[in-house]
Number of protein chains: 2
Amino acid sequence: MKQKIQVHVADDHKILIEGIIAVIDTDKEIEVEGYSLTGKEVIDWAKEKTADILILDINMPQYDGIEVLKYFKLKKIDMKTIILSSYDDVKLVQEMITLGASGFLSKDSAGEHIINAIKAVHADEQYFSDAIKSNLLKLYTGQKVESGERPESTIANSLTDREVEVLKLIAQEHSSPEIADILNISQSTVDTYRKSLLKKTNVKNAVGLAMYAVKNKII
Amino acid sequence: MKQKIQVHVADDHKILIEGIIAVIDTDKEIEVEGYSLTGKEVIDWAKEKTADILILDINMPQYDGIEVLKYFKLKKIDMKTIILSSYDDVKLVQEMITLGASGFLSKDSAGEHIINAIKAVHADEQYFSDAIKSNLLKLYTGQKVESGERPESTIANSLTDREVEVLKLIAQEHSSPEIADILNISQSTVDTYRKSLLKKTNVKNAVGLAMYAVKNKII
DNA sequence: AAGTATCTCCCCATTTTTGGGGAGGCGAAA
DNA sequence: TTTCGCCTCCCCAAAAATGGGGAGATACTT
């Protein structure tokens, strides 16, 4: 008898994991190896174990999906990954592809799609949800989307630790003087971080920063 | 044989619904009557059918959970409701209780909690996730939380149409001059709305407004 | 040793936001 | 009819955010 496809599921919502397991259980060729509730758990898991397919949520506490993929790339861990996301964000997909993801599944999509996605990716194909595909089409009409190894990530020149700290506090409604007080640095420094955050995230004001923080599960 | 508890599930993520159904199916006393993917579907469903328990997500397209509860109150529909939420937000809970919800379940909680919540609520008890309970305790030390019929909602003196319009644009990173331009009103007027928004939502700046908009699915 | 990144701080000026007040017009409800 | 909510606009002033520049200290890498 053929070996079943081993799947590991990572999402911070246990209910959702149980749903995925329930759906996968209906298929004879696929098997859930285990699950993780945070990015840290995924990384710890990957140190000792592996799976044929990793289903990875982007928004997780303690290292999000992006960080996990970056870690995999760094450690040369080569695991086929299907991204699970609430946002049909093309930019995110781009980044995911450059980070080695093979599939992109919207949380809105029904269960059968998971099965199809897993089988497609396991057969070395790529799988994208319909919403993503139409979004991509709009963007790259005529151009093909390569899964190539672009050296630079298009989005997010990765924020520094301190920048993330400031970003969190901004998203928690703190003003610059307050942040300066909390972090025990001068207001000027806080403002410097504000500027670099605006540049790096490519948004136009503090509201944009807060939204960025929400989307990237930084808060 | 005793009649099973009929449950209707409303959430915009089909995977999550399937998860809940899978969990509920393991219990012999409960049965899923059906599900809805948007607030509109819930309202349409409630026009003709009913259930013992409604499991209701807050964040849904086309009328969110809050709107659904408001509709129920307006139409004097009395259905026991368990709120499903990603946020352990005490303020939200308060509003939910005043709108008649009987339970509050965090999406982080595992499946068994759903079963317990359904049975508790069906037995005319209230059910709150642990995170909510500890948050409430912090706020109301010593005070008891009534499920009474307070005439006025404590939070959100319900925003006017125009305020919501301005709020949306703020959350979309627009500045006051821009908003004035978009809505074809003077900057002064926009600033007046900013002030009343800050008062009504009880946040301290534009970032807070954006967060409020996100939480209440106004954008 | 030279470069690079990060953290830190400052100067400048302009724009935007916040916070207080008042006030007219309009339509619906009491 | 009068009151009330909503939309609209204004004055004023202080606080905060934005945008440009420069620059020193430290630590890590090549």
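All values derive from a computational prediction rather than experimental measurement.
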Take the C1' atoms of the five end pairs on each side of the helix from C:dA1-D:dT30 to C:dA30-D:dT1, get both axes, and report the angle to 10 degrees.
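For the helix from C:dA1-D:dT30 to C:dA30-D:dT1, the axes at opposite ends meet at about 40°.
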Only pairs at least two apart or in different chains count here, so list each salt bridge (charged side-chain N to carboxylate O under 4.0 Å, His left out) that has a residue in residues 180-194 of chain B.
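Counting only pairs at least two positions apart or across chains, no salt bridge (charged side-chain N to carboxylate O under 4.0 Å, His left out) contact touches residues 180-194 of chain B.
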I need the [atom1]-[atom2] distance between [X] and [N], as an integer number of Å.
X	N	atom1	atom2	answer
A:Lys204	D:dA17	NZ	C1'	13 Å
B:Glu165	D:dC7	CD	P	9 Å
B:Asn184	D:dC7	CG	C1'	14 Å
B:Glu173	D:dT18	CD	C1'	14 Å
A:Leu209	D:dA17	CG	P	11 Å

Surrounding NZ of A:Lys204 (heavy atoms of other residues, nucleotides or ligands, distance under 6.0 Å), is the total greater than 12?
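Correct, the count exceeds 12.
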Atom pair [atom1]/[atom2] of [X] and [Y] - distance to nearest 0.5 Å:
X	Y	atom1	atom2	value
A:Lys49	A:Gln6	NZ	CD	10.5 Å
B:Lys200	B:Tyr212	NZ	OH	9.5 Å
A:Ile17	A:Asp57	CD1	CG	9.0 Å

Protein and nucleotides 25-30 of chain D: nitrogen or oxygen contacts under 3.5 angstrom:
none

Under the criterion salt bridge (Lys or Arg N to Asp or Glu O under 4.0 Å), I'd like the reasoning laid out for A:Glu165 against A:Arg162: C-alpha separation, chi angles, the key distance, then a yes or no.
CA-CA 5 Å; A:Glu165 278 190 89; A:Arg162 210 54 165 163; 2.9 Å; yes
Among residues 174-183 of chain A, which ones have heavy-atom contacts with DNA chain D below 4.0 Å?
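Hits under 4.0 Å, by residue number: A:Ser175, A:Ser176, A:Pro177.
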With sequence neighbours excluded, residues passing side-chain hydrogen bond (donor to acceptor under 3.5 Å, both in side chains) with [X]:
X	value
A:Ser188	none
A:Ser186	A:Thr189
B:Glu173	none
A:His122	none

Walk along DNA chain C from 5' to 3' and tell me the first and last nucleotide with an atom closer than 4.0 Å to a non-hydrogen atom of chain A.
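First and last nucleotides in contact are C:dT6 to C:dC10.
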By side chain to side chain contact (heavy atoms under 4.5 Å, CB included), which residues pair with B:Lys199, not counting sequence neighbours?
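Checked B:Lys199 against side chain to side chain contact (heavy atoms under 4.5 Å, CB included); zero matches.
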Sequence neighbours excluded, which residues qualify as side chain to side chain contact (heavy atoms under 4.5 Å, CB included) partners of A:Thr81?
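For A:Thr81, the residues satisfying side chain to side chain contact (heavy atoms under 4.5 Å, CB included) (neighbours in sequence not counted) are A:Leu54, A:Leu56, A:Leu69, A:Ile83.
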I need the residues from residues 187-199 of chain A with at least one non-hydrogen atom less than 4.0 Å from DNA chain C; give them sorted by number, or say none.
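Those residues are A:Ser188, A:Thr189, A:Thr192, A:Tyr193.
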Residue mapping more 5' on DNA chain D - nearest nucleotide basis, B:Asp161 or B:Asn205
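Its nucleotide being nearer the 5' end, the pick is B:Asp161.
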